[in-house]
Amino acid sequence: MSPAARRRACAVIAAVAVAVLLSALPAFAHGLSSTVYVDLTSPAAGHVRTELELEYDLLVVSAADAEKDDPLFQTGNAAFEDHDTAKQAAALNAHARTVVAYVTQRFGVTAEGRPCAPAQEGGFRIGQREGVPYARMVLDFRCPESAESHEVRARLFPDSEGYVRDSKTIVTYDLDLRTGSTAIDAQHRSFSTQQSFLERFWQFFRLGAEHLLTGLDHILFLLALIAGSRRLREIVLAATTFTLAHSVTFILAALGLVQLPGSFVEPVIALSIAVVAAWHLWRLWRRRSHATDLETTGHGHLSLDRAGWTRLAVVFCFGLVHGLGFASALGINQAWSWTLLWSLLVFNVGIEVVQLSIIAVVFPLLALLRHRRPLAGLGTTGAIATGVSVMGLVWFVERVAGI
């Protein structure tokens with residue numbers, strides 16, 4: 001076998017290995033972690049109205065298991081498999097006592113240390129978040145009228161269902177003459193309406209950082225950008241363009257000026273991963289025997305050629321869609337979500353710090369490899385781009401088909 005053939009074979013093997021490794025990782029992100037959304041308001045003294053949104057399939061499995069209600073699991077799971085929202089709501093309403101018991105044992109409100117009495121208001125409704133069905137319910141908590149502060153506790157998911165690694169509860173509130181938002185997780189199971197500014201800042205900064213670190217699709221998009229960038233200025237421009245784009249849709253979503261269904265956003269995010277990775281592969285194929293020229297760092301001028309500007313335009317367009325995915329993770333799905341706007345910006349800072357950290361670690365290593373071993377750099381970036389592109393296409397097909 002000739003040296004060129006061996007290099008091609010190694011590149012193919014490496015690409016397949018990357019694809020297999022990525023496919024072994026959790027593509028169905030909602031099955032590993034879940035987010036609960038809560039909105040608290042006080043219509044009158046001693047009255048806390050709580051709207052909760054919980055991931056439907058997890059709620060059915062967890063409530064049925066905890067309360068030993070097998071009929072709920074049978075009917076609820078069948079409705080989930082059929083993608084029938086009317087049947088999903090009917091299953092929950094038929095077993096409302098089971099579901100309410102499960103939720104109120106794990107979510108509660110106290111007023112200055114005294115528990116508030118919960119009661120369900122109305123029935124269950126089904127909505128969508130990031131392409132996943134969510135159950136919506138309202139709990140009416142009756143509290144002492146003299147209370148000046150309230151505390152919320154939440155430990156919803158994971159339970160004995162076994163496949164949920166973690167859960168977070170995003171809370172917005174207009175209570176005790178205060179408005180704001182916070183996040184409850186395994187490290188912080190409760191919050192008080194007297195929570196300090198620094199506590200709220202840190203919670204959403206950490207939430208943004210964790211969202212990028214645990215969001216495999218966003219990490220792969222970033223790796224595709226890094227693999228296709230020859231010089232530091234290229235990845236900096238690409239990352240900055242991506243940041244500007246998803247910041248724009250963050251704000252537009254909070255203003256209620258743009259809103260797209262998860263059934264559109266999630267497949268496009270997957271497609272963006274495949275396209276950006278394939279862009280680098282196309283450049284390598286077009287250069288063929290001169291492809292190693294792309295792997296040397298060089299000292300080019302600061303301006304970009306037409307292909308470079310086109311790449312930035314593509315990154316910007318896809319960044320707009322990624323921003324809608326980020327906004328959805330914070331519950332930005334209604335017009336004028338001002339109580340979440342500040343938290344959204346802090347969340348964005350957490351995302352950017354992690355993004356820059358990944359670039360600071362990965363890009364210098366690739367740049368060093370490209371400089372010292374151009375052929376090895378070519379094979380490495382090609383393998384990364386191939387694996388990422390394959391996974392992007394797989395996710396695109398899965399999300400379009402609703403698998």
query = Is the closest side-chain heavy-atom distance between W279 and T310 below 4.5 Å?
reply = yes
inquiry  = With a 4.5 Å cut-off on side-chain heavy atoms, are L369 and T381 touching?
reply    = no
query = Should we say atom CZ of F73 is surrounded by more than 12 heavy atoms from elsewhere, each under 6.0 Å from it?
reply = no
Any side-chain heavy-atom pair of Y173 and V152 under 4.5 Å = no
message = So M137 and L92, do their side chains get closer than 4.5 Å, heavy atoms only?
response = no
inquiry  = Can a donor-acceptor pair be found, under 3.5 Å and without considering hydrogens, that links the side chain of N93 to the backbone of F124?
reply    = yes
ask   = Where do E53 and E51 land on the side-chain contact (heavy atoms from CB on, under 4.5 Å) test, with the steps shown first?
value = CA-CA 7 Å; E53 295 185 52; E51 296 185 16; over 6 Å; no
query = Looking only at heavy atoms, what is the nearest atom pair of A64 and L72, with distance?
reply = N-CD2, 3.9 Å
query = What is the distance from atom CH2 of W309 to atom OG1 of T241, rounded to the nearest 0.5 Å?
reply = 8.0 Å
ask   = What are the two closest non-hydrogen atoms of Q88 and P133, and how far apart are they?
value = OE1-CB, 3.7 Å
request  = Please answer whether the main-chain N or O of I269 pairs with a side-chain N or O of S272 as donor and acceptor at a distance below 3.5 Å.
outcome  = yes
query = Is a side-chain N or O of R311 found less than 3.5 angstrom from the main chain of L225, in a donor-acceptor match?
reply = yes
query = Where do Y102 and L59 land on the side-chain contact (heavy atoms from CB on, under 4.5 Å) test, with the steps shown first?
reply = CA-CA 9 Å; Y102 172 81; L59 178 61; 4.0 Å; yes
inquiry  = Within the structure provided, determine whether I273 and M391 are in side-chain contact (heavy-atom separation under 4.5 Å).
reply    = no
task = Grab the two heavy atoms, one from T169 and one from A154, that are nearest each other, plus how far apart they are.
result = OG1-CB, 3.9 Å
query = What class does the angle between the rings of W202 and F205 fall in, given that below 30° is parallel, 30 to 60° is tilted and above 60° is perpendicular?
reply = parallel
ask   = Do you know which two heavy atoms are closest between I384 and A227, and how far apart they sit?
value = CG2-CB, 4.1 Å
task = First locate atom CG of L222, then atom CD1 of I359, and finally report the distance between them rounded to the nearest 0.5 Å.
result = 5.0 Å
request  = Search all heavy atoms of A245 against all heavy atoms of L320 and return the closest pair with its distance.
outcome  = O-CD2, 3.3 Å
F157 CZ to K168 NZ distance, which is reported to the nearest 0.5 Å = 14.0 Å
task = May I ask you to decide if the ring planes of F318 and F221 are parallel, tilted or perpendicular, using 30° and 60° as cut-offs?
result = perpendicular
ask   = Taking side chain as C-beta onward, heavy atoms only, is H150 less than 4.5 Å from S192?
value = no
message = When you measure from the side chain of S42 to the backbone of V48, do you find a donor-acceptor pair of N or O atoms at a distance under 3.5 Å?
response = no
Side-chain heavy-atom pair Q120, V103 within 4.5 angstrom cut-off = no
request  = Give, for atom CG of D57 and atom CZ of F80, the distance between the pair rounded to the nearest 0.5 Å.
outcome  = 4.0 Å
request  = Ignoring hydrogens and angles, tell me if any N or O in the side chain of Y56 forms a donor-acceptor pair with the backbone of A89 under 3.5 Å.
outcome  = no
query = Are any non-hydrogen side-chain atoms of R153 and T110 less than 4.5 angstrom apart?
reply = no
request  = Enter the distance from L54:CG to Y134:OH here, rounded to the nearest 0.5 Å.
outcome  = 8.0 Å
query = Looking at I351 and G208, what are the two nearest heavy atoms and their distance?
reply = CG1-O, 3.4 Å
inquiry  = Strictly distance-based, threshold 3.5 Å: is any side-chain N or O of R155 a donor or acceptor partner for the main-chain N or O of Q105?
reply    = yes
Euclidean distance, D69 CG relative to H95 NE2, rounded to 0.5 Å = 5.5 Å
